[in-house]
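Worksheet for the structure shown next.
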Amino acid sequence: GGLPAGAVCLLEGADGAGKSVITQRMAYGFAEERTPTSVVSTELTASDYIDQMHSLSYDVVDHLLYNRLVFFHADVDTHVQVGSRQRGTRTLLSRLFAPSPVWKGSVTIVDGFDALLRNDPRFDAVVRHEEEDHAMQRLVSALRQRTAGDRTVVLTVNPETLSRRALQPLRDVADVYLRLETSTVGQSIRNRAVVRRFAGMKQPVDDTIGFAVQQGRGIVIESRTVA
């Protein structure tokens, strides 16, 4: 398995579909293989991340200490108090794509990329003027620049929080595109990953992988259906 070098990987799913836990399994696997990996999370702090990984039996403390895995918390609150008023002072996307330790490894995972888009004041402005197309073209170019040196970039997005005009360019640029879904069967919730695209495959892909998340075990593959 593994992801292709220099690929953009898009994990798309609603809240609770398993996006974060899949990226956590990816990060752990890369670190175990001694592949330098950076993780950016818009939700978890460093201590929260370590606790979450520990609950899944993914021991990452040594990987963090030896910089095989580097974690960054992305604060999406762009406003600061100035006197009695709040002003937006930070542009999130330009900071993300600027040269920094985030991009020093072979793999960069951004968990919650949609939150960065939604909360970026410049992107919010173009959305209000219905000019997402140009902004997304620039963003896609930035992604391709970051994968030019065989770096793999993994993004997670919740499609319910973005417009189709913002989401479609991410789907189009993705070399690997997984759509995560959930369904309720009786009293249990079933998770599945639908592989919509995987770089290098000669034919269209529509495999479905059923999985569960178990405390102390992490991700457990339950089934696979090949289209």
Side-chain angles (χ1 to χ4, degrees), residues 3-4 6-17 19-20 22-23 38-44 72-104 107-181 194-199 204:
L3 298 175
V8 175
C9 177
L10 180 67
L11 274 63
E12 178 184 310
D15 285 342
K19 300 185 298 296
S20 293
I22 287 181
T23 64
S38 299
V39 174
V40 178
S41 173
T42 59
E43 293 186 357
L44 300 178
F72 302 88
H73 170 64
D75 184 0
V76 296
D77 183 3
T78 62
H79 297 84
V80 296
Q81 194 75 23
V82 179
S84 60
R85 301 180 61 186
Q86 285 188 335
R87 295 186 59 188
T89 58
R90 297 186 303 131
T91 55
L92 302 176
L93 295 173
S94 61
R95 288 168 62 92
L96 173 66
F97 287 107
S100 75
V102 168
W103 303 105
K104 285 188 176 180
V107 179
T108 297
I109 298 171
V110 184
D111 186 19
F113 187 68
D114 56 307
L116 294 173
L117 283 173
R118 295 195 318 271
N119 290 281
D120 187 287
R122 289 183 182 174
F123 189 78
D124 182 60
V126 300
V127 169
R128 288 200 303 270
H129 291 87
E130 298 185 349
E131 297 175 353
E132 295 107 311
D133 295 344
H134 296 300
M136 293 307 296
Q137 288 175 8
R138 291 193 296 270
L139 190 150
V140 165
S141 296
L143 279 172
R144 280 306 180 200
Q145 289 174 8
R146 288 303 177 188
T147 59
D150 278 347
R151 180 185 295 106
T152 297
V153 179
V154 180
L155 309 174
T156 72
V157 298
N158 181 347
E160 297 174 356
T161 66
L162 298 176
S163 70
R164 183 174 180 82
R165 292 176 66 179
L167 188 57
Q168 193 59 47
L170 295 176
R171 292 171 172 166
D172 292 341
V173 75
D175 303 289
V176 177
Y177 173 26
L178 306 182
R179 190 181 69 226
L180 307 183
E181 303 173 346
V194 181
V195 185
R196 302 306 305 270
R197 186 182 307 124
F198 202 98

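Only this structure's heavy atoms are used, side chains among them; waters, hydrogens and symmetry mates stay out.
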Check your understanding: Are L117 and L162 close enough that some pair of their side-chain heavy atoms sits under 4.5 Å apart?
Key -> yes
Check your understanding: Any side-chain donor paired with an acceptor under 3.5 Å for S41 and D111?
Key -> no
Check your understanding: Do you see a donor-acceptor pair shorter than 3.5 Å between the side chains of T161 and R118?
Key -> yes
Practice item. Without swapping roles, check the side chain of S38 against the backbone of T108 for a donor-acceptor pair under 3.5 Å. Key: no
Practice item. Please determine if R171 and E12 form a salt bridge, counting it only when a charged side-chain N lies under 4.0 Å from a carboxylate O. Key: yes
Check your understanding: Within a strict 4.5 Å, meaning less than it, do heavy atoms of the V157 and L10 side chains meet?
Key -> yes
Point to revise | Check: L92 main-chain N/O paired with D120 side-chain donor or acceptor under 3.5 Å | key: yes
Practice item. Using the salt bridge (Lys or Arg N to Asp or Glu O under 4.0 Å) rule, collect all pairs that involve residues 147-168, keeping only residues at least two apart or in two chains. Key: E132-R165, D133-R165
Review point. Would a distance-only check, ignoring hydrogens and angles, find a side-chain to backbone donor-acceptor pair under 3.5 Å from K19 to G13?
Key: yes
**Study point:** Residue pair V176 / P4: nearest heavy atoms and the distance that separates them
**Key:** CG2-CD, 3.8 Å
Review point. Counting only N and O atoms by type, is there a donor-acceptor contact under 3.5 Å from the side chain of T91 to the main-chain atoms of R122?
Key: no
Check your understanding: Do L178 and V194 have side chains that get closer than 4.5 Å, going by heavy atoms?
Key -> no
Review point. Do F72 and V110 come within less than 4.5 Å of each other through their side chains, counting heavy atoms only?
Key: no
Check your understanding: Is Q168 atom CD crowded by more than 12 heavy atoms from other residues, nucleotides or ligands, each under 6.0 Å away?
Key -> yes
Check your understanding: Minimum heavy-atom separation for V8 to R144, with atom names?
Key -> CG2-NH1, 3.8 Å
Which pairs of donor and acceptor atoms, one on a side chain in residues 97-104, lie under 3.5 Å apart (sequence neighbours left out)?
residue: S100; atom: OG; partner: V102; partner atom: N; Å: 3.2
residue: W103; atom: NE1; partner: L96; partner atom: O; Å: 2.7

